[in-house]
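Working notes, beginning with the structure itself.
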2 protein chains.
Amino acid sequence: MVSQSPRASASRARLRAAAAAEFAARGFAGATVDRIASRARVTKAMVYYHFPSKAALYREILRDLFASVAERVAAVREAGGSPQAQLAGFIRAINETALAEPTFPPTWLREIADGGRHVDESVLRQTARVVGTLTEILHDGEAAGVFRPLPPLVVQFGIVGPLLLSAATESLRANLPALPLYKISRESIAAHVERMALAGLAPAAPAGAGLAAPDAEKASRSKSRRSS
Amino acid sequence: MVSQSPRASASRARLRAAAAAEFAARGFAGATVDRIASRARVTKAMVYYHFPSKAALYREILRDLFASVAERVAAVREAGGSPQAQLAGFIRAINETALAEPTFPPTWLREIADGGRHVDESVLRQTARVVGTLTEILHDGEAAGVFRPLPPLVVQFGIVGPLLLSAATESLRANLPALPLYKISRESIAAHVERMALAGLAPAAPAGAGLAAPDAEKASRSKSRRSS
DNA sequence: GTCTATATCGGGATAGAC
DNA sequence: GTCTATCCCGATATAGAC
């Protein structure tokens, strides 16, 4: 949503929003151009006036969605702070993107299930930026001795997985037979993910020592950032 | 796979396997009956001889998939042990299902993204069994004072989310341009999820005390468990 | 149980007027 | 930029012979 192309007519904008919603709800194969047009209150021919094909429209939406996440997490890194604070910010950035763009969680989940079938070079670049930012944060934390060394993707899955499942099932759970079991707040899941991620990254305690406290007194942190 | 219906001809069995693979790879909308028939080395008419419709075939596969998970986690609970050991077993049960049935992770992810569009009563019952088992384990842990009280679904998402993302992207990552960044082992992700889940469930430290250790409960693990 | 047609229709994409 | 009308392929499902 950040870097819009020069063409931004009113109908084109509605078309993008309608397509994002339709693709999120039905997936690429399940979506129909007729419904996209209908949602946008536009005729089907207009879809093909603005976009060359259903696939191209989908890829454009996919790219902007991932670009949106990438920018948010990049902003977190640039804001600086301790590795723990940056990781918490990373988690919040993902969560806020899911709130700001409700079409994002289902779309992301589908792409994963599809094995990235529609991921082209430009989309891949955006996803790489996200993992790249996380990698830098983790590297700082390892260097400072506050994070255990772990493959960035493992940490990424640990953060993104719960958030996506929670966000994607939100409207589903809301419409359920009022099972109180399924009523969970956004805050509780976000807090749990943050707690899990930080605790899971805490360095292994040196076997003999009396429980080193990996906590707050590491405030004196490196200010170095921005390497890409 | 556990509770097979009485009809189990050879072609019917191949059909089920082929359909599971096709649905996992393309989703319900993206799958075609032609390709399912072709995968099973059977004509399309045979599909409609054995199953009333594409949708019915899909629902049957969905039901068996979730039944398979439900039984594995139920077995863990029946095996007993400390709450922590049972939770670790729960995680492993999910992971082992993903290994034994590679079609499962993508299919689950798609159902979530679809908002449970194809989930009927029988499927819902199986998923409820899984959450039910987890709820019991968590309740035991709370009663014993070793788990902090958390909504079961929050914990469920924290466990299942990372495992599904990891499993669903496995073949994708294997076929990537050899980015060493993306080479992560099944063990590392399983270990991380276990560490995160247990650490995230550790009770909050009593405010006044000087850094209680949420690390010492590891001693109470390693008890009896089995895998089906 | 297994096959070869075939009916039928939804949906992506285009033509061409205005 | 926007519309109506249409082309046409592919996909679900069925008919009916063997």
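Here is how names work: the chains are called A, B, and so on, in the same order as the sequence lines, proteins then strands, and each is numbered from 1. These numbers were taken from a predicted model, which means no experiment stands behind them.
- Toward the 5′ end of DNA chain D lies the nearest nucleotide of A:Ser11, the other residue of the pair B:Arg35 and A:Ser11 mapping further downstream.
- Rounded to whole angstrom, the span from the CZ atom of B:Arg12 across to the P atom of C:dT2 amounts to 12 Å.
- Under the side-chain contact (heavy atoms from CB on, under 4.5 Å) criterion, A:Arg92 pairs with A:Ala88, A:Glu96, A:Glu194, sequence neighbours left out.
- Listed by chain and residue number, B:Phe66, B:Trp108 satisfy the ring pair (Phe, Tyr, Trp, His ring centres under 6.0 Å) test with B:Phe104 (two or more places apart in sequence, or in another chain).
- In this entry the distance linking CZ of A:Arg41 with P of D:dG1 reads 17 Å, nearest Å.
- Residue B:Thr43 has no polar side-chain atom (N or O) positioned under 4.0 Å from OP1 or OP2 of C:dT2.
- Spacing between atom OH of B:Tyr49 and atom P of C:dT2 amounts to 8 Å, rounded to whole angstrom units.
- Candidate nucleotides C:dC3, C:dG1, D:dG1 were compared by shortest atom distance to the side chain of B:Ser9, and C:dG1 ranks first.
- Atom pair A:Arg26:CZ and C:dG11:C1' shows a separation of 13 Å (rounding to whole Å applied).
- Between B:Met46 atom CE and C:dG1 atom P there is a gap of 7 Å when expressed in whole angstrom units.
- Side-chain contact of B:Gln126 with B:Arg63: a donor-acceptor pair under 3.5 Å is absent, judged by distance alone.
- Not counting sequence neighbours, B:Arg26 has no partner by the salt bridge (Lys or Arg N to Asp or Glu O under 4.0 Å) test.
- When rounded to the nearest whole Å, the span between NE2 of B:His50 and C1' of C:dC3 equals 13 Å.
- Annotation: salt bridge (Lys or Arg N to Asp or Glu O under 4.0 Å) contacts of A:Lys44 (sequence neighbours excluded): A:Asp34.
- Residues passing the salt bridge (Lys or Arg N to Asp or Glu O under 4.0 Å) test with B:Arg39 are B:Glu22, sequence neighbours excluded.
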With the criterion being N/O to N/O and under 3.5 Å, what pairs connect the protein with nucleotides 12-15 of chain D, and how long is each?
residue, atom, partner, partner atom, Å
D:dT12, OP1, B:Ala31, O, 3.3
D:dT12, OP1, B:Val33, N, 3.3
D:dT12, OP1, B:Lys54, NZ, 3.2
D:dT12, OP2, B:Val33, N, 3.0
D:dA13, OP2, B:Tyr48, OH, 2.9
D:dA13, OP2, B:Lys54, N, 3.1
D:dA13, N6, B:Lys44, NZ, 3.1

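- Here the P atom of nucleotide C:dG12 and the CG atom of A:Leu15 are 13 Å apart, to the nearest Å.
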